[in-house]
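Here is how names work: the chains are called A, B, and so on, in the same order as the sequence lines, proteins then strands, and each is numbered from 1. Just so it is clear, the values below take in all heavy atoms, side chains as well, and ignore hydrogens, waters and symmetry mates.
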Protein chains: 2
Amino acid sequence: MGWAAVSAGEEVRLKLVEAEEPEDNDYHLQEQVGFILRKAHQRHVAIFAAHIADLTPPQFAALAKLHDVGETSQNQLGTLIAMDAATVKGVIDRLKARGLVELSKHEVDKRRLLVNLTAEGRDAIERLIPLARGITEETLAPLSAKEAATFMRLLAKLA
Amino acid sequence: MGWAAVSAGEEVRLKLVEAEEPEDNDYHLQEQVGFILRKAHQRHVAIFAAHIADLTPPQFAALAKLHDVGETSQNQLGTLIAMDAATVKGVIDRLKARGLVELSKHEVDKRRLLVNLTAEGRDAIERLIPLARGITEETLAPLSAKEAATFMRLLAKLA
DNA sequence: TCAAATTCATTCGTATGCAAATGATATCAA
DNA sequence: TTGATATCATTTGCATACGAATGAATTTGA
C-alpha cells in the first residue's frame, strides 16, 4: 500500500548512501551502550544472587558502606552508595526488619536518622565480603586481567 | 570492649600482611565492578530521560526491536530485548494503553500473543531513533573515540 | 532577628525486574 | 494415541529506582 511504496523508496535511498560511504543508517539496539550496559548489569546481579542468596546488591552495598564508615545518617548513606532518599529508605527498612541495622535519632540535628550496623549486621557483612570478591572476579571472568583493568578504568570514567 | 580488642588485633594483622606484600585487605565498594556498573547504568538512564522524556529505555527498546523485526510474539520480543516474561508483559501493556503497539492472537499457535507497531508507534520510533543516537553519544562522551571503541568491545564481552 | 532557602526524611505513584506458581496449549516419545 | 514435557502467557509478591509533593528542622542572609 502507501507505506510499502515509501518503504521501497527508503531502501533505494539507503543503498545510494551506502554506495557513497560505508555508513550504516540502520539502528542496531544490540550495539547501543545503554542496552549492553543493562544486560551487563543483569548478568552481574544474577552472579551476585548465585553467590549471596539472602541479600540483594543494594542491601549489600548499604551494609558494606556502613562497615566502612560507621554510623551515618540515612541520607548521607544514600549519597555514599548512589541511592536517592526514597530508595535508601526502603533498603534500610528491610535491613532493620532483619535486625542487621539499627536506627537512632541524631541528638543535635533532629532531622537526621542515624543508621548503624548491629552486631549481627557486622558479622554478616564480614562473612560476606570474601564472597563479594568472588562475585567481582566471576563478573570480570570473560576478560583477561589486562582487559579487566582497562575495562574498569573506562567504566569508572563513564559512571 | 571485647570487640574493640578484636578490632585492635585485626589492625595489627593487617599491617603485618601489608608489610610482607603490598596487598590491600580492605574492601572498597566504590571499586567493585557491580557497583560502578550500577552507577553507569543510572547515569545512562538519566541521559536518556533528558533526551526522551515520554518513554523509558525498556519501552524504547521494545519499539525499536519491533520496528526492526516486525510482528513477533510477546515472549520472543522479550528474548530479543533481554526481558523476562513478566517484565515484558508490563512494558507491552503500557505501550498498548498508549496506542503505540497492538496485540493479536496467533492463528495457529493459540498460546502466542502477537505484538506489532501501530502507525503511531512506527511514527514515534522513527522520530526517536535519531535522538537515541545522541543519547549513545552523550553517554560515551567522557571517553575518547578510541577508548569508546575499546569500552564497547569489552562491555559486549561482559554482557 | 526573622523570613527565605536548604536539608532530611517520608509518602505516593509509576515503572522496571525477577522468582515462583498457575493455566492453557503444543510437542515429544513410548 | 496418550502421557510426560515443554512452551507461552499471566498473576502474585517482593525489591529496587526515581520524580514529585509534603512536613519538620536547620541554616542563611539581608
Specify the residue among B/Gly90 and A/Asn75 whose closest nucleotide of DNA chain C lies further upstream toward the 5′ end. A/Asn75
Identify whether any heavy atom of B/Val45 sits under 4.0 Å from a base atom; if not, whether one sits that close to sugar-phosphate; answer base, sugar-phosphate or nothing. nothing
Taking atom CD of B/Gln30 and atom CD1 of A/Ile81, what is their separation to the nearest 0.5 Å? 9.5 Å
Any B/Arg38 side-chain N or O less than 4.0 Å from OP1/OP2 of D/dA17: yes
Checking contacts here: which listed nucleotide (D/dA25, C/dA15, C/dT25) is nearest the side-chain heavy atoms of B/Lys110? C/dT25
Separation of D/dA21 atom P from A/Asp84 atom CG, nearest Å, is 15 Å
Residue whose closest nucleotide on DNA chain D lies nearer the 5' end, A/Glu107 versus A/Ala82: A/Ala82
Go through D/dT11, D/dA17, C/dT10 for me and flag the one nearest to the B/Gln42 side chain. D/dA17
C/dC18, C/dT25, D/dA9: which one has an atom nearest the side-chain heavy atoms of B/Ser73? D/dA9
Let me know the distance between CG of B/Leu103 and P of D/dT10, rounded to the nearest Å. 8 Å
Angle between ring planes, A/His41 versus B/His41, binned at 30° and 60°: parallel, tilted or perpendicular? parallel
Just checking A/Asp109: base, sugar-phosphate only, or nothing, at a heavy-atom cut-off of under 4.0 Å? sugar-phosphate
Run the side-chain contact (heavy atoms from CB on, under 4.5 Å) check on A/Arg111 and A/His106 step by step: do they pass? CA-CA 7 Å; A/Arg111 293 171 305 179; A/His106 188 107; over 6 Å; no
Between C/dA9 atom P and A/Lys96 atom NZ, what is the distance in whole Å? 14 Å
Shortest side-chain distance from A/Arg111, nucleotide among D/dC18, D/dA24, C/dT16: D/dA24
Rounded interatomic separation in angstrom, taking CG from A/Asp93 and C1' from D/dT16: 13 Å
Indicate, with a heavy-atom threshold strictly under 4.0 Å, whether A/Val108 touches base, sugar-phosphate, or nothing. sugar-phosphate
Consider the side chain of B/Leu113, meaning its heavy atoms from C-beta on, and name the nucleotide among D/dC18, C/dC18, D/dA9 that approaches it most closely. D/dA9
Per atom distances to the B/Gln74 side chain, the nearest of C/dC18, D/dT10, D/dT16 is D/dT10
Are any of the side-chain nitrogens in A/Glu147 or B/Arg153 under 4.0 Å away from the carboxylate oxygens of its partner? yes
Which nucleotide in the list D/dT16, C/dC18, C/dG17 gets nearest to the side chain of A/Gln59? D/dT16
Can you tell whether the side chains of B/Lys96 and B/Asp93 come within less than 4.0 Å, N to carboxylate O? no
Whole angstrom value for the distance that separates C1' of D/dA15 from NE2 of A/His41: 12 Å
Out of C/dG17, D/dC18, D/dT16, minimum distance to the side chain of A/Thr56 belongs to D/dT16
Which nucleotide in the set C/dC18, D/dT16, C/dC8 lies at the smallest distance from any side-chain heavy atom of B/Thr87? C/dC18
Find the distance A/Met83:CE to D/dT16:P and express it as a whole number of Å. 7 Å
Provide, to the nearest angstrom, the distance between the NZ atom belonging to B/Lys105 and the P atom belonging to D/dC8. 18 Å
When rounded to the nearest 0.5 angstrom, what distance separates NE2 in A/His51 from CZ in A/Phe60? 12.0 Å
Provide, to the nearest angstrom, the distance between the NE2 atom belonging to B/His106 and the P atom belonging to C/dA24. 20 Å
